[in-house]
Amino acid sequence: MSASAETLAFLRDVRVFEGFSDPDLAAVADRLRERELRKRQVLFREGDPGDEMFIVRRGTILISKAVTGKVEQVLVRVEPADFFGEMSLFDGSPRSATAQAETDVALLILERESLQAMTETAPRAAAAFFYEMVQVFMERLRRSTQQVAEATRWGLEATGLDVEAR
Amino acid sequence: MEQPAPAKFELLVRHDDGEDFELRQVASVVGYLNSRPRRVDPESFEISELRSRVAVTPGFILKNTTTDRFLLLSAHERFLWDQMDGTTSLQGIATAYVLEYGEFDFDIIPNLLRKLQRAQLLTFEPRSRLRQALARNRGRFSVKAIERALTGLERVRIASRNVHPFFQRLYRYGGFVLFTPAAIVACAGLALVGAGAAVALWREMHDVIEGFGGRALLGLLTVKLLFFGSMALHQLVHGLACIHYRRRVREFGFTFLHGFVPTFYVDITDIFMASRRARVVAAVTGALVHLVLGAVGFIVAAHAPVGRFTQAFAAASGIIQWQALVIALYPFCFIEMDGYHVLVDVLGVPTLKHDALTYVKRLLTGAGRVRLGREEALWLGYVVLSTLSVAAFIAFNIWIIARAMS
């Protein structure tokens with residue numbers, strides 16, 4: 001079954017597919033699975049196995065990491081045309097955070113097998129995909145570093161700790 | 001240089017079912033206000049007054065005996081230092097400061113904290129004494145179970161910080177009536193009629209209590225439930241009083257105090273920016289809810305068929321509501337309720353209980369000498385009156401139960 005024009009138009013806005021030719025994009029689109037989540041439904045939890053990446057088509061996904069007891073820190077909100085879960089796509093490691101629908105959500109799923117097939121059948125598209133993915137990784141690394149600094153600032157402000165003193 | 005906005009964490013608090021959750025933004029400011037600075041142990045510091053012929057107010061020298069560092073404290077800083085006992089939050093300390101000096105200096109507390117931290121004279125205490133005692137005995141299974149239960153209950157907190165518009169509407173659509181002379185007259189009238197009904201019921205108390213018959217458990221549960229609802233009403237009226245004096249209601253919610261006392265609460269700390277009269281009215285009006293409900297209970301009981309469940313329920317509710325009124329307004333019972341806050345506000349001694357208990361403890365352990373100045377008399381009076389009052393309260397309740405069972 002070939003992907004709809006609507007899906008193709010949506011994928012054009014997804015950053016990792018920006019460098020794809022129309023035939024390559026259509027080929028990828030055919031391999032994507034669709035999934036819907038109701039509001040508050042958990043997609044996966046921290047520690048769950050996984051080997052797929054998710055692209056948000058509609059709605060918002062909350063990515064959170066356990067802090068203590070039932071409290072989790074919200075790391076990021078994933079909006080339409082953005083993606084998450086890519087770490088498990090590459091190394092098959094357990095999920096590093098929990099993903100849960102903040103609203104009703106529609107997702108597109110890219111599985112590891114589909115990525116491998118793309119690498120073999122459309123190497124130029126795969127290269128463009130990996131290049132964009134590296135760019136995104138770097139941005140997210142910068143954001144994580146900023147979050148660590150912000151968490152440290154929170155702690156200092158909350159305790160009034162004076163670290164300038166010797 | 002422009003200061004950055006306070007840092008915030010967005011936290012997801014998961015409910016028991018595992019899927020449902022709520023999102024909370026916790027600013028570092030909230031953490032700061034709730035932190036509890038604790039001065040080092042008494043063996044680790046010395047403090048002495050520095051009298052000067054020039055300066056009008058005395059200064060104080062604070063010495064860290066471990067590091068041999070010295071600090072000069074003003075009288076205001078000395079007051080703050082005395083509050084830093086590890087049990088009072090920074091918000092509570094700031095409140096005590098306003099009550100003591102009638103003004104607030106926004107820099108004095110952070111500056112003092114910095115100074116004390118540099119001199120290694122301060123630690124921050126995040127937990128209550130109960131939790132510290134439990135943590136020390138965590139090896140015992142029962143203690144661990146209690147600790148877990150308390151932790152679970154402490155997490156139960158249903159609150160909203162966006163309640164001010166709600167209270168404003170409540171006030172506009174009828175709440176303002178509570179703060180009119182007509183309401184005071186109605187309240188007094190109801191109290192008189194209720195007292196008359198209570199006296200009439202007292203003579204036939206045995207028959208009244210008989211109304212519970214074999215449904216004592218049902219009676220207990222319904223009376224408690226009504227009382228619980230009245231506590232919410234009590235807090236709502238505090239909030240309305242805050243609106244009446246054009247101050248902001250910061251939060252309203254439900255939680256388990258210390259992990260085991262289910263309670264509604266309202267944050268009206270903004271009332272401290274209003275006059276003393278406003279603070280007194282805000283404190284007293286909440287408690288008057290119990291006066292009104294108790295009076296209604298007695299009146300209903302007086303008119304209900306003798307020996308029926310309705311009569312017993314109404315009478316028992318009346319007794320509990322009026323006891324709650326007394327506990328809320330009577331300041332001498334070691335509990336810092338509305339009456340206590342009015343008393344310390346009027347006396348201008350915000351740390352009365354703390355100071356009084358410290359003084360008496362020193363007397364009993366032989367660490368202090370008996371000096372009968374104005375302050376010492378006040379402290380002694382507070383402890384003696386509170387002890388006698390608590391004993392009388394317990395005796396009264398035992399007598400009521402014994403009378404009902406005989």
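Hydrogens, waters and symmetry mates are skipped; everything else that's a heavy atom, side chains included, is used. Every chain is numbered from 1 and lettered A, B, ... according to where its sequence line falls, protein lines coming before strand lines.
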Atom group of Leu62(A) that falls short of 4.5 Å from chain B, counting heavy atoms: side chain
With sequence neighbours excluded, give me every side-chain hydrogen bond (donor to acceptor under 3.5 Å, both in side chains) pair touching residues 95-104 of chain A. Arg77(A)-Glu102(A), Ser88(A)-Arg95(A), Gln100(A)-Arg14(B)
Check: Asp24(A)/Ser21(A) side-chain N/O donor and acceptor closer than 3.5 Å: yes
Neighbourhood of chain B inside residues 124-148 of chain A, taking heavy atoms under 4.5 Å as contact: none
Where on Ile109(B) is there a heavy atom nearer than 4.5 Å to chain A: the side chain, the backbone, both, or neither? neither
Could you check which of Glu150(A), Arg45(A), Gln41(A) has the highest count of heavy-atom pairs closer than 4.5 Å to chain B? Arg45(A)
Residues 112-123 of chain A vs side-chain hydrogen bond (donor to acceptor under 3.5 Å, both in side chains), sequence neighbours excluded, gives none
Would the number of heavy atoms belonging to other residues, nucleotides or ligands and lying under 6.0 Å from CD of Glu6(A) be above 12? no
Checking ring-ring contact (aromatic ring centres under 6.0 Å, His included) between His76(B) and each of Trp81(B), Phe60(B), Tyr97(B), which is the one that passes? Tyr97(B)
Report the residues that fulfil side chain to side chain contact (heavy atoms under 4.5 Å, CB included) with His164(B), sequence neighbours left out, ordered by chain and then residue number. Gln168(B), Ile243(B), Arg248(B), Val249(B)
Is Ala151(A) close to chain B through its backbone or its side chain, or both, or neither, when contacts mean heavy atoms under 4.5 Å? both
Side-chain donor-acceptor contact under 3.5 Å, Arg39(B) with Ser44(B): no
Using the ring of each side chain (for Trp, its six-membered ring), is Phe264(B) parallel, tilted or perpendicular to Phe228(B), with breaks at 30° and 60°? tilted
